[in-house]
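Here's the structure we're looking at; comments come further down.
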Amino acid sequence: MNFDPQTLTYDEKGLIPAIAQDHASGQILMMAWMTADAVRRTLETGHVTYWSRSRQAFWVKGESSGHVQKLVDFRFDCDRDCVLVVVEQSGPACHTMRQSCFYTAVREGAEVELMAPLTDPA
């Protein structure tokens with residue numbers, strides 16, 4: 001049976017949350033949104049494609065920064081309303097130059113920065 005992206009459950013705007021996870025470390029890298037066409041493009045090309053809500057356009061991760069996400073595995077949850085893209089991440093995943101967008105935690109009631117931006121080797 002072939003997979004049809006339309007069988008996933010999208011919100012009223014046609015979006016589904018997509019969590020990116022590093023295949024080697026298991027670290028959660030980021031969360032973004034996908035449309036059915038973004039899912040299709042991701043599966044066809046092997047390069048993770050999201051939907052930018054601010055630009056109202058497809059966004060291939062890394063096309064401008066070079067920090068690409070190559071698809072290793074594509075999964076969805078039991079309710080079919082959230083996807084997990086397991087990726088090979090090149091460079092930082094976050095636009096703040098951190099490895100993960102989830103770099104802030106709350107510890108004992110205070111915000112704590114868990115990781116600093118990566119330095120540019122150039």
Side-chain angles (χ1 to χ4, degrees):
M1 173 197 282
N2 288 332
F3 171 72
D4 179 358
Q6 293 295 344
T7 64
L8 297 173
T9 303
Y10 301 88
D11 70 9
E12 65 281 350
K13 295 178 183 172
L15 301 172
I16 191 168
I19 299 167
Q21 180 181 33
D22 185 272
H23 83 99
S25 69
Q27 181 179 37
I28 300 300
L29 301 174
M30 57 179 282
M31 181 274 177
W33 298 93
M34 289 182 158
T35 61
D37 283 337
V39 169
R40 188 173 291 105
R41 289 175 184 217
T42 296
L43 293 171
E44 288 173 357
T45 67
H47 293 281
V48 182
T49 302
Y50 299 105
W51 179 256
S52 170
R53 295 179 302 165
S54 60
R55 294 185 302 247
Q56 292 292 295
F58 291 107
W59 158 43
V60 178
K61 181 67 176 167
E63 77 183 339
S64 60
S65 68
H67 304 147
V68 299
Q69 291 180 343
K70 292 184 182 174
L71 184 67
V72 174
D73 198 12
F74 185 91
R75 304 176 188 180
F76 46 88
D77 73 337
C78 57
D79 294 323
R80 302 178 80 93
D81 63 359
C82 185
V83 301
L84 175 68
V85 287
V86 181
V87 301
E88 180 182 312
Q89 176 70 46
S90 170
C94 185
H95 74 282
T96 66
M97 296 301 290
R98 289 171 174 84
Q99 188 60 34
S100 170
C101 293
F102 296 95
Y103 60 87
T104 307
V106 177
R107 304 277 166 85
E108 297 179 11
E111 286 188 28
V112 178
E113 187 174 301
L114 302 174
M115 64 186 77
L118 299 174
T119 57
D120 189 353

Paired with Trp51, the ring pair (Phe, Tyr, Trp, His ring centres under 6.0 Å) test is passed by just one of Trp33, Phe58, Tyr10, namely Phe58
Separation between OG1 (Thr35) and CZ (Arg53), nearest 0.5 Å, reads 13.0 Å
- Message: Quick one: does any side-chain atom of Thr49 pair with a main-chain N or O of Ala38 as donor and acceptor, under 3.5 Å?
- Response: no
Q. Going through the checks in order, is the side-chain contact (heavy atoms from CB on, under 4.5 Å) test met by Ile19 and Val85?
A. CA-CA 6 Å; Ile19 299 167; Val85 287; over 6 Å; no
CZ of Arg107 to CG of Leu114, rounded to nearest 0.5 Å, is 5.0 Å
Distance col, row Leu84:CG vs Met31:CE, nearest 0.5 angstrom, shows 12.0 Å
Counting C-beta onward and ignoring hydrogens, is there a side-chain heavy-atom pair between Ser90 and Val68 closer than 4.5 Å?
yes
_Any side-chain to backbone donor/acceptor pair from Gln21 onto Val86? Under 3.5 Å, distance only._
no
Heavy-atom check, side chain of Lys61 versus side chain of Met30, under 4.5 Å
yes
In terms of heavy-atom contacts, Trp59 and Glu63 come closest through CA-OE2, 4.3 Å
Under a 3.5 Å distance rule, please check whether Asp77 uses its side chain to pair with a backbone N or O of Asp81 as donor and acceptor. yes
Residue pair His67 / Met97, side-chain heavy-atom distance below 4.5 Å
yes
Rounded to the nearest 0.5 Å, the CD atom of Gln89 sits from the OG atom of Ser25 at a distance of 10.0 Å
Side-chain heavy atoms under 4.5 angstrom apart, residues restricted to Ile, Leu, Val, Met, Phe, Trp, Tyr: same cluster for Val72 and Ile28? yes
In the structure I gave you, are the side-chain heavy atoms of Leu8 and Met34 within less than 4.5 Å of one another anywhere?
no
Minimal heavy-atom distance between Ser100 and Gln27, with the atoms involved, is CB-NE2, 3.8 Å
Original post:
Is there a side-chain contact between Thr7 and Arg80 (heavy atoms, below 4.5 Å)?
Top reply: yes
**Study point:** 4.5 Å side-chain heavy-atom contact, His47 and Val87
**Key:** no
- Message: Please check if the number of heavy atoms outside Glu111 that lie under 6.0 Å from its CD is greater than 12.
- Response: no
Would you call the rings of Phe3 and Phe76 parallel, tilted or perpendicular, taking 30° and 60° as the class edges? parallel
Distance col, row Leu29:CG vs Phe102:CZ, nearest 0.5 angstrom, shows 9.5 Å
Taking the side chain as everything from C-beta on, heavy atoms only, tell me whether Met115 gets closer than 4.5 Å to Thr96. no
